[in-house]
Number of protein chains: 2
Amino acid sequence: MENELFKALADPTRRAIFEKLANGPLNAGAVREGLGISQPAASQHLAALRKAKLVREERRGRFVQYEVDPDGLALIAGWLAKYRAYWPARVDALKALLKEMDQ
Amino acid sequence: MENELFKALADPTRRAIFEKLANGPLNAGAVREGLGISQPAASQHLAALRKAKLVREERRGRFVQYEVDPDGLALIAGWLAKYRAYWPARVDALKALLKEMDQ
DNA sequence: ACATCAAATAAGTCTGTGCTTATGTATTGA
DNA sequence: TCAATACATAAGCACAGACTTATTTGATGT
């Protein structure tokens with residue numbers, strides 16, 4: 001489960017798909033655009049992301065809309081939290097990042 | 001770089017090694033214990049974790065001590081922060097934590 | 001210098017996985 | 001009902017990567 005999550009993120013194409021979906025929901029076909037892969041390849045990547053709870057699907061007639069599933073992100077946040085003892089060294093960098101994101 | 005990070009975490013044995021090191025520094029030999037893998041396998045995993053900035057090494061005579069490198073964790077935190085729109089409650093918790101650390 | 005020990009690297013094998021083309025499954029509208 | 005569209009699944013191929021044994025590198029102590 002945690003394994004599916006990290007395995008899903010290990011592939012750069014899947015991370016690219018995830019980032020696209022983070023900007024808003026897309027149909028499976030739209031996800032594929034600009035990635036230079038076949039339709040089945042995109043479908044397989046989406047299946048892997050679904051298994052990892054990083055995205056979820058929603059039928060819209062003939063189309064299938066995909067969107068970010070917060071569950072996967074929460075799992076990563078949970079994993080990361082286990083090691084927060086090691087964060088202090090990087091607190092400043094993190095703060096800068098969060099501040100930057102506020103704008 | 002971000003790729004090395006997620007690829008490193010995609011392997012369960014490497015995550016196990018990382019968790020062991022999160023409890024405190026260990027020599028390469030000690031890392032291997034209980035994992036049921038050969039010495040070279042452990043060495044290769046440690047090399048992958050090093051490349052991902054998840055661990056760092058320190059020569060101690062004939063031994064090499066490994067410990068968690070906060071850089072890798074910070075990279076994950078940074079990646080995760082990009083998607084904070086999908087987990088508002090948790091980012092607030094992180095911000096609170098950072099604020100708390102200021103004192 | 002040499003034997004010993006810790007760890008890294010080399011080389012080869014075998015499994016996993018990301019891709020492709022071909023085909024199947026839903027859903028829509030004529 | 002039938003053709004067209006959107007996506008998923010099947011099957012096979014080629015490469016990546018996790019393991020092994022064998023060897024090399026580096027450090028210590030006699």
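Numbers restart at 1 for each chain; the letters A, B, ... are given by sequence-line order, proteins then strands. Both backbone and side-chain heavy atoms feed into the values below; hydrogens, waters and symmetry mates do not.
Heavy-atom distances under 4.0 Å link DNA chain C to K7(A), D11(A), T13(A), R14(A) of residues 6-19 of chain A, given in residue order.
Summarising the geometry of L80(A) relative to A77(B), their closest heavy-atom pair is CD2-CA, 3.6 Å, with the distance given to 0.1 Å.
The pair R60(A)-E58(A) meets the salt-bridge criterion, with a side-chain N (NZ, NE, NH1 or NH2) lying under 4.0 Å from an Asp/Glu carboxylate O.
Within the structure, every side-chain polar atom (N or O) of S38(A) is placed at least 4.0 Å from both OP1 and OP2 of dC19(C).
The distance from atom CD of E58(A) to atom P of dC7(D) is 14 Å, rounded to the nearest whole Å. Taking atom CG of L49(A) as the reference point, atom P of dG18(C) lies 11 Å away to the nearest angstrom. If you measure from atom NZ of K51(A) to atom P of dG18(C), you get 11 Å, rounded to the nearest angstrom. Atom CD1 in I37(A) sits roughly 12 Å away from atom C1' in dT20(C) (whole-Å rounding).
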With sugar-phosphate taken as primed atoms, P, OP1 and OP2 and all else as base, the protein-contact string of nucleotides 3-10 of chain C at under 4.0 Å (heavy atoms; B, S, -) is -BBSBBBB
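Of the possible polar contacts, none joining the R14(B) side chain to the L9(B) backbone as a donor-acceptor pair under 3.5 Å is found. Judged purely by atom type and a 3.5 angstrom limit, Y83(A) has no side-chain atom pairing as donor or acceptor with the backbone of A22(B).
By the 30° and 60° cut-offs, the orientation of the rings of W79(A) relative to F6(A) is perpendicular.
Around NZ of K20(A), the count of heavy atoms belonging to other residues, nucleotides or ligands within 6.0 Å exceeds 12.
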- Message: D71(B) vs R56(B), test: side-chain contact (heavy atoms from CB on, under 4.5 Å). Steps then yes/no.
- Response: CA-CA 10 Å; D71(B) 283 0; R56(B) 57 189 174 199; over 6 Å; no
Could you please spell out the steps behind the side-chain contact (heavy atoms from CB on, under 4.5 Å) verdict for L46(B) and V64(B)?
CA-CA 11 Å; L46(B) 286 166; V64(B) 177; over 6 Å; no
